[in-house]
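Here the structure is laid out as structure tokens; the discussion comes afterwards.
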Amino acid sequence: MSGCQGLASWCTLWGDSSLLVNMSMYRNAIWFLNGIHQYTRKGYEAASKDFEPQDLDVSVVGRSFMVTGANSGIGRATAMAIAKKGGTVHMVCRNKDKAEEVREDIVDRSGNTEVYIHIVDMSETRKVWQFAEAFKKQYPSLNVLINNAGCMVHKRELNAEGLEKNFATNTMGVYILTQTLIPLIQKSRDPRVITVSSGGMLVQKLRVDDLQSEKGYFDGVMVYAQNKRQQVVLTQQWAKANPVIHFSVMHPGWVDTPAVSTSMPQFHQMMGERLRSVEQGADTVVWLALSRAAARTCSGQFFQDRKPVPVHLPLAWTHSSMQEIQSFMTQLETLARVVQSQPDPELNSLLSPSTPQFV
């Protein structure tokens with residue numbers, strides 16, 4: 001495949017059909033080639049030469065971590081790494097059977113029984129809020145929240161609250177869960193919130209007039225990338241509003257996960273063995289969650305391979321005004337209030353985690 005063909009395929013995969021028009025071909029090529037060098041397995045291997053091994057030479061016994069989407073891919077690798085360091089892990093998963101299978105594997109391999117399952121579909125906005133409210137009542141603290149769960153739906157679908165499903169999962173789920181848990185997190189020791197984003201957000205500008213992709217042609221990959229831009233903006237705003245908590249957002253690179261093979265089969269096939277392993281993809285998440293070095297960095301930054309990197313390409317058109325950012329935050333707050341104003345008869349049923357009995 002030629003460089004131009006590869007670029008065209010990649011731009012199509014990331015879903016912005018006007019990308020080649022909106023940005024110069026030169027800038028696209030540079031971005032794509034940078035991805036080949038930085039986001040792949042080789043990119044990780046090169047970057048890891050500068051890692052400080054002692055950064056993860058820690059014990060986190062007594063600290064609690066919530067990981068969404070913890071039963072596969074990056075979430076599973078993250079939960080495993082935390083459990084091996086002695087942390088209490090709260091696995092937030094959609095599939096109970098799969099979650100129990102993964103929990104058993106984590107306990108067996110880590111020797112740590114402090115691993116709990118909570119069954120929550122992050123696309124079901126009201127239930128996410130109910131779960132977060134219940135969690136606050138059940139548990140005295142939460143040191144680290146890791147927003148990892150995500151989805152890429154290629155057909156426009158709505159959830160029970162009438163929200164587009166990608167937006168509901170990737171943006172509103174993250175917003176509702178984090179916003180609701182902030183009072184619990186901020187009273188915990190060394191509190192942190194980490195959100196797993198994507199390099200695809202670099203080719204997206206925040207679209208405050210179309211948060212749920214109602215206008216024009218619906219392309220799931222473009223919508224996903226837009227959601228990931230939204231996560232970056234959210235992280236920056238949370239960091240400003242909550243100085244006690246260390247917020248970060250990160251790009252795991254191009255990783256060989258079940259989600260990628262299912263949602264982006266062409267890309268998965270094209271990249272093949274160049275994709276990172278799930279452990280390599282999870283490395284920066286784990287570093288941000290566990291290391292003292294991460295806590296010393298400025299809050300609100302975007303990380304790649306343990307280093308903060310720019311959230312915009314050089315000379316990019318993706319910057320937003322303060323008015324646009326405020327509009328975005330106001331819209332999320334309004335949507336959240338609508339969800340929270342509904343009666344919640346199921347709240348009490350969510351107070352206890354769905355966890356196998358310990359022996």
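Computed from heavy atoms alone, side chains included, the values below leave out hydrogens, waters and symmetry copies. Just so you know, these numbers come straight off a predicted model, no measurement behind them.
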Item checked: Residue Glu273 excluded, over 12 heavy atoms near CD under 6.0 Å -> no
Check: Taking only residues at least two apart or on different chains, which pairs with a member in residues 45-87 satisfy ring-ring contact (aromatic ring centres under 6.0 Å, His included)?
Finding: Tyr44-Phe51
Check: Do Gln212 side-chain atoms and Glu214 backbone N/O form a donor-acceptor pair below 3.5 Å?
Finding: no
Next item on the list: Assign the ring pair Tyr139 / His90 to parallel, tilted or perpendicular, where the plane angle (0 to 90°) is split at 30° and 60°.
Entry: perpendicular
Notebook entry, point to check: How would you list, by chain and number, every residue that makes a side chain to side chain contact (heavy atoms under 4.5 Å, CB included) with Asp256, sequence neighbours excluded?
Noted result: His268, Leu275
Check: Are Tyr116 and Glu114 close enough that a side-chain donor and a side-chain acceptor fall under 3.5 Å?
Finding: yes
Notebook entry, point to check: Okay, side chain of Arg156, backbone of Ser213: is any donor-acceptor separation there less than 3.5 Å?
Noted result: yes
Margin query: Any side-chain to backbone donor/acceptor pair from Ser64 onto Asn143? Under 3.5 Å, distance only.
Written below: yes
Which donor-acceptor pairs under 3.5 Å do side chains of residues 235-243 form with protein atoms, sequence neighbours excluded?
from: Thr235; atom 1: OG1; to: Gln231; atom 2: O; distance (Å): 3.0
from: Trp238; atom 1: NE1; to: Gln179; atom 2: OE1; distance (Å): 2.7
from: Asn242; atom 1: ND2; to: Trp238; atom 2: O; distance (Å): 3.0

Checklist line | Least distance between heavy atoms, Arg292 atom then Val58 atom | finding: NH1-CG1, 3.7 Å
Check: With distance as the sole criterion, is a donor-acceptor pair present between the side chains of Asn148 and Thr78 under 3.5 Å?
Finding: no
Next item on the list: Would you tell me whether Ser327 and Gln331 have side-chain atoms, one donor and one acceptor, within less than 3.5 Å of each other?
Entry: yes
Note to self: I'd like to know if Asp50 and Arg306 make a salt bridge, using a cut-off of under 4.0 Å between side-chain N and carboxylate O.
What the structure shows: no
Next item on the list: Output yes when a side-chain donor or acceptor of Arg276 lies under 3.5 Å from a complementary backbone atom of Pro252, and no otherwise.
Entry: yes
Item checked: Donor-acceptor contact below 3.5 Å, side chain His246 vs main chain Thr297 -> yes
Notebook entry, point to check: Going by atom types alone, do Thr171 and Gln230 pair a side-chain donor with an acceptor below 3.5 Å?
Noted result: yes
Check: Under the 3.5 angstrom rule, does the side chain of Lys155 hit a backbone N or O of Phe218 as a donor-acceptor pair?
Finding: no
Next item on the list: Search all heavy atoms of Val311 against all heavy atoms of Phe302 and return the closest pair with its distance.
Entry: CG1-CB, 3.4 Å
Check: Charged N to carboxylate O under 4.0 angstrom, Asp190 versus Arg63?
Finding: yes
Check: Looking only at atom types and distance, does a side-chain atom of Asp210 sit under 3.5 Å from a main-chain N or O of Lys215, one as donor and one as acceptor?
Finding: yes
Check: Under the side chain to side chain contact (heavy atoms under 4.5 Å, CB included) criterion, do Arg192 and Leu288 qualify, and how do the steps go?
Finding: CA-CA 8 Å; Arg192 310 182 191 188; Leu288 287 166; 5.9 Å; no
Next item on the list: May I ask you to say whether Glu133 pairs ionically with Lys137, meaning some side-chain N is under 4.0 Å from a carboxylate O?
Entry: no
Checklist line | Exercise: identify the closest heavy-atom pair between Asn112 and Gly87 | finding: ND2-O, 2.8 Å
Next item on the list: Return yes if some donor-acceptor pair links the side-chain N/O of Lys228 with the main-chain N/O of His251 below 3.5 Å, else return no.
Entry: no
Item checked: Test: Glu45 and Arg41 ion pair at under 4.0 Å -> no
Next item on the list: Search all heavy atoms of Val244 against all heavy atoms of Pro191 and return the closest pair with its distance.
Entry: O-CG, 3.5 Å
Next item on the list: Could you tell me which non-hydrogen atom of Ser123 sits nearest to which non-hydrogen atom of Lys165, and how far apart they are?
Entry: OG-CE, 3.7 Å
Notebook entry, point to check: Have Asn147 and Thr178 got a donor and an acceptor in their side chains that come within less than 3.5 Å?
Noted result: yes
Next item on the list: Identify which one of Tyr224, Trp254, Tyr39 satisfies the ring-ring contact (aromatic ring centres under 6.0 Å, His included) criterion when paired with Phe267.
Entry: Trp254
Notebook entry, point to check: If you take all heavy atoms of Leu163 and Ala168, which pair is closest and at what distance?
Noted result: CB-CB, 4.1 Å
